*Asks:* 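Starting off with a structure, shown below.
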Amino acid sequence: MTPQTVLTIAGSDSGAGAGIQADLKTFAALGAYGTSVLTAVTAQNTRGVDAVLPLPPQTVTDQLDSVLGDFAVRAVKTGMLGTPAVADAVAAAARDGRLPRLVVDPVLVATSGHRLGVVDAVERLLPYAEVATPNRAEAAALTGGPVTTVEEMVAAAEALAAGGPAHVVVTGGDVDAAGESVDVLVSGGTTTLLRAPRVATRHNHGTGCSFSAAIAVGLAAGHPVPVAVAAAKEYVTRALTGARGWELGAGRGPLDHFGWSR
Ligand code: PXL
């Protein structure tokens, strides 16, 4: 059977733990056919980001035209956009209705501290998102308030949902919640806490990328947002668990994307 086609619009991670590489692995692990539009090239490994080259907006538009002109793309996710000009190019495609079932992962800063995007750029795209998936730091940057507790995650998710995307998940894999990873989903006016056991590992590089990519696969299959989000959380928990004993690089290593199928 022909797989559903999904598209990631994101940056390249040369260490292949996050970005385009994490997205394509997630798509493949979950049975979708992944296409990719690169927004930037990063030089990085498990220890951090060493250099970033944003691509020209026209190069992004050219890739979008090539992919969307040929493939029946069912769902799209965006990750690192890099510059406001690239965000504008992507937002123009969204405005024209060319990016179905859009998941926006508002990537702003790598865990290593390297800046990968600006709030201004992300805000240009958020109004077109069906689902937005900020982590706590990104939710704080977008709402202007601290997001350190589950209560603040709820407030931030509700504030973001009021201003654009129909569905918002604020991820809190790192929130202090008694050994649990808690995400907050606001969907159709209803707020839900999604809980999973916290996986004790430093190999969590690319968790956010993989989560939003997995949501896009669920949406491409036609699932409602809450179903796609719950399945994505299960997938990421499994991928984190699989990589606990891995030794790939000296820093924060990648997830076990294909543990799902083993
Ligand atoms: O996890 C956010 C992210 C997204 N995209 C790229 C990245 C990172 C984090 O390092 O490198 C390319």
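None of the values given here were measured: they were computed from a predicted structure. Each ligand, and each atom within it, is numbered from 1 in the order the structure gives.
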*Asks:* Among all protein heavy atoms, pick out the one at the shortest distance from atom 12 (C) of ligand 1; state its residue, atom name and that distance to 0.1 Å.
*Replies:* G11 O, 3.4 Å
*Asks:* V217, V236: one ILVMFWY side-chain cluster at the under-4.5 Å cut-off?
*Replies:* yes
*Asks:* With a cut-off of 4.0 Å, which atoms of ligand 1 are near a heavy atom of G19?
*Replies:* 5 (N), 6 (C), 12 (C)
*Asks:* Does E130 pair with R101 as a salt bridge, N-O distance under 4.0 Å?
*Replies:* yes
*Asks:* Walk me through whether E180 and R198 qualify under salt bridge (charged side-chain N to carboxylate O under 4.0 Å, His left out).
*Replies:* CA-CA 5 Å; E180 284 189 315; R198 156 102 36 83; over 6 Å; no
*Asks:* Number the atoms of ligand 1 from 1 as they appear, then name those within less than 4.0 Å of a heavy atom of M80, with their elements.
*Replies:* 5 (N), 12 (C)
*Asks:* Which is it for H205 and ligand 1 at heavy atoms under 4.0 Å: side chain, backbone, both or neither?
*Replies:* side chain
*Asks:* Pairing donors with acceptors under 3.5 angstrom, does anything connect the side chains of H205 and D13?
*Replies:* yes
*Asks:* Taking Y235 as the starting point, is it possible to reach V169 by hopping between hydrophobic residues whose side chains are less than 4.5 Å apart?
*Replies:* yes
*Asks:* Any N or O of Q44 that comes nearer than 3.5 Å to an N or O of ligand 1?
*Replies:* yes
*Asks:* When you measure from atom 9 (C) of ligand 1 to each heavy atom in V107, T42, T8, L116, which option holds the nearest one?
*Replies:* L116
*Asks:* Inspect the contact between D65 and R98 and indicate whether a charged nitrogen and a carboxylate oxygen are less than 4.0 angstrom apart.
*Replies:* yes
*Asks:* Would you tell me which option among A43, G117, C209, G79 has the nearest heavy-atom contact to atom 4 (C) of ligand 1?
*Replies:* C209
